[in-house]
Amino acid sequence: MPNSLTLRLVFASFAWIGATLLVTAVLLVILFRGHIEQRFETLLFDHLEELVAASELTPQGTLQMTWRPSDPRFNRPHSGWYWEIFQSGVSVDRSGSLWREHLKVTEPAVGGIPKIQQFSGPEDEPLQVLIQEITFPEVESPLLFVVAGPVEDIEENVRAFTGQVAITLTVLGIGLLLVVWFQVRFGLRPLQALQKALGGIRKGKAQGLP
């Protein structure tokens with residue numbers, strides 16, 4: 001009986017520990033993904049603000065860039081990081097990373113409200129895109145600023161974090177399982193002593209329980 005009871009207690013504890021660690025892992029990954037996506041969007045906003053600050057319009061309404069964004073990924077061809085500025089639906093400037101391509105904006109933002117959307121880039125890679133329409137006082141036609149980054153960057157961070165969580169919780173789970181095993185074995189020792197004493201009574205070696 002003690003061995004049967006030990007196995008039932010151990011297996012039940014193993015099941016609860018496994019389920020708890022699995023739920024914990026899923027929640028941690030979900031929270032981390034949300035944090036990474038929020039940080040990614042913040043980075044896109046920072047790049048867009050840098051583009052707006054660097055943009056000037058001549059009295060004729062022509063765009064002039066007083067400087068180029070400092071992130072070197074915007075200069076590496078097809079890096080996944082792109083920016084482009086449109087005026088009246090026409091591209092007036094873009095990052096070197098686009099090479100000879102253009103960003104295919106499907107749903108332009110209107111009214112100065114920034115919009116986050118996803119579409120494919122020059123290499124058919126999925127992009128996280130920030131779009132905002134900004135009107136300058138010098139001209140009537142607003143400029144449409146588009147900044148994009150690769151979704152793969154988010155996925156890489158999530159995969160790396162998931163691997164670390166899996167390793168950490170696996171080690172923790174093994175430790176908890178060993179603790180449960182020794183705890184159950186130690187906790188059932190009095191029951192094993194009782195079984196041995198009852199066996200002695202049945203065999204006539206003892207008159208009563210100690």
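The structure presented is a predicted model; accordingly, all values stated were derived computationally and were not measured. These values consider heavy atoms only, across backbone and side chains, with no hydrogens, waters or symmetry-generated copies.
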Engineer: Taking the side chain as everything from C-beta on, heavy atoms only, tell me whether R73 gets closer than 4.5 Å to D153.
Structural biologist: yes
Engineer: Same cluster or not: L176 versus V26, using hydrophobic residues (I, L, V, M, F, W, Y) connected whenever any side-chain heavy atoms lie under 4.5 Å apart?
Structural biologist: no
Engineer: Taking all non-hydrogen atoms of both residues into account, name the closest pair between M65 and S55 and its distance.
Structural biologist: SD-OG, 3.6 Å
Engineer: Heavy atoms only: give me the nearest S97-S79 pair and the separation to one decimal.
Structural biologist: CB-OG, 3.8 Å
Engineer: For the pair H47 and F74, name the ring-plane relationship: parallel under 30°, tilted 30 to 60°, perpendicular over 60°.
Structural biologist: perpendicular
Engineer: According to a hydrophobic-cluster definition based on side-chain heavy atoms being under 4.5 Å apart (Ile, Leu, Val, Met, Phe, Trp, Tyr only), do I30 and L169 belong together?
Structural biologist: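 No; tracing contacts between hydrophobic side chains, which count when under 4.5 Å, never links both residues.
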Engineer: Would you say L22 ends up clustered with I174 if hydrophobic residues are merged whenever their side chains have heavy atoms under 4.5 Å apart, either directly or through other cluster members?
Structural biologist: no
Engineer: Go through it in stages, so that I can follow the logic: the residues are L21 and L172, the test is side chain to side chain contact (heavy atoms under 4.5 Å, CB included), and I'd like the CA-CA distance, side-chain angles, deciding distance and then a yes or no.
Structural biologist: CA-CA 9 Å; L21 292 179; L172 176 62; 4.1 Å; yes
Engineer: For E50 and R68, what are the C-alpha separation, side-chain angles and deciding distance, and is it a salt bridge (Lys or Arg N to Asp or Glu O under 4.0 Å)?
Structural biologist: CA-CA 9 Å; E50 184 181 13; R68 313 290 286 184; over 6 Å; no
Engineer: Are any of the side-chain heavy atoms of I36 and Q38 separated by less than 4.5 Å?
Structural biologist: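 Of all side-chain heavy-atom pairs linking Q38 with I36, none is under 4.5 Å.
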Engineer: Show your reasoning for whether side chain to side chain contact (heavy atoms under 4.5 Å, CB included) applies to F145 and V52.
Structural biologist: CA-CA 8 Å; F145 290 84; V52 174; 4.1 Å; yes
Engineer: List the steps and the verdict of salt bridge (Lys or Arg N to Asp or Glu O under 4.0 Å) for K104 and E84.
Structural biologist: CA-CA 10 Å; K104 300 175 182 178; E84 193 164 8; over 6 Å; no
Engineer: For the atom pair CG (L43) and CG (L130), what is the distance rounded to the nearest 0.5 Å?
Structural biologist: 10.5 Å
Engineer: Any carboxylate oxygen within less than 4.0 angstrom of a Lys/Arg side-chain nitrogen, looking at K115 and E133?
Structural biologist: no
Engineer: Short question: side chain of T135, backbone of P142 - any donor-acceptor pair under 3.5 Å?
Structural biologist: no
Engineer: So how far is it from L28 CG to R33 CZ, rounded to the nearest 0.5 Å?
Structural biologist: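 Reported value, rounded in 0.5 Å steps: 14.0 Å.
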Engineer: Mind checking whether L48 and V151 sit in one hydrophobic cluster, side chains of I, L, V, M, F, W, Y counted as touching below 4.5 Å?
Structural biologist: no
Engineer: Do Q128 and F40 have side-chain heavy atoms sitting under 4.5 Å apart?
Structural biologist: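 In contact.
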Engineer: Do I131 and Q117 have side-chain heavy atoms sitting under 4.5 Å apart?
Structural biologist: yes
Engineer: Taking atom types as modelled, is there a side-chain donor on W83 or D93 under 3.5 Å from an acceptor on the other?
Structural biologist: no
Engineer: Taking the side chain as C-beta and beyond, is there a heavy-atom pair between V129 and L103 under 4.5 Å?
Structural biologist: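 Not in contact.
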Engineer: In Å, rounded to the nearest 0.5 Å, how long is the span from CG of L143 to CG of L63?
Structural biologist: 6.0 Å
Engineer: Do W99 and P122 have side chains that get closer than 4.5 Å, going by heavy atoms?
Structural biologist: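 In short, these two side chains do not touch, never coming nearer than 4.5 Å.
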Engineer: Can you tell me how far the CD atom of E152 sits from the CG atom of N157, to the nearest 0.5 Å?
Structural biologist: 10.0 Å
Engineer: Count I, L, V, M, F, W, Y as connected when their side-chain heavy atoms are under 4.5 Å apart, and connections chain through other members. Are I116 and W81 then in the same cluster?
Structural biologist: yes
Engineer: Which heavy atom of L177 sits nearest a heavy atom of F14, and at what distance?
Structural biologist: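 For L177 and F14, the tightest heavy-atom pair comes out as CD2-CD1, 2.8 Å.
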Engineer: Regarding Q64 and E56, is there a side-chain donor-to-acceptor distance under 3.5 Å anywhere?
Structural biologist: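 Their side chains do not contain a donor-acceptor pair, so the 3.5 Å distance test is not met.
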Engineer: Identify the two heavy atoms, one from V180 and one from S13, that lie closest to each other, and give their separation to 0.1 Å.
Structural biologist: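 For V180 versus S13, the nearest heavy atoms are CG1-CB, 3.3 Å.
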Engineer: For L127 versus S120, what's the shortest heavy-atom pair and its separation?
Structural biologist: CD1-C, 4.3 Å
Engineer: So, for G149 and L44, which heavy atoms are closest and what is the spacing to 0.1 Å?
Structural biologist: N-CD2, 3.9 Å
Engineer: Treating Q164 as the side-chain partner and T162 as the backbone partner, does any N or O pair qualify as donor plus acceptor under 3.5 Å?
Structural biologist: no
Engineer: Before giving the answer on side chain to side chain contact (heavy atoms under 4.5 Å, CB included), spell out for Q87 and L144 the whole-Å C-alpha distance, their side-chain angles and the decisive distance to 0.1 Å.
Structural biologist: CA-CA 6 Å; Q87 188 174 21; L144 185 67; over 6 Å; no
Engineer: Nearest 0.5 Å please: distance from the CD1 atom of I134 over to the CD atom of E49.
Structural biologist: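 Between atom CD1 of I134 and atom CD of E49 there are 9.0 Å.
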Engineer: Hey, mind stepping through H102 and S91 against side chain to side chain contact (heavy atoms under 4.5 Å, CB included) and telling me if it holds?
Structural biologist: CA-CA 8 Å; H102 293 278; S91 176; 3.7 Å; yes
Engineer: With under 30° as parallel and over 60° as perpendicular, where do the rings of H35 and F32 fit, or are they tilted in between?
Structural biologist: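 The rings of H35 and F32 sit tilted, inter-plane angle from 30° to 60°.
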Engineer: State the CD-OH distance between E101 and Y82, to the nearest 0.5 angstrom.
Structural biologist: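 If I round to the nearest 0.5 Å, the distance is 8.5 Å.
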Engineer: Please examine the side chains of F86 and V105, heavy atoms only from C-beta on, and report whether any two atoms are closer than 4.5 Å.
Structural biologist: yes
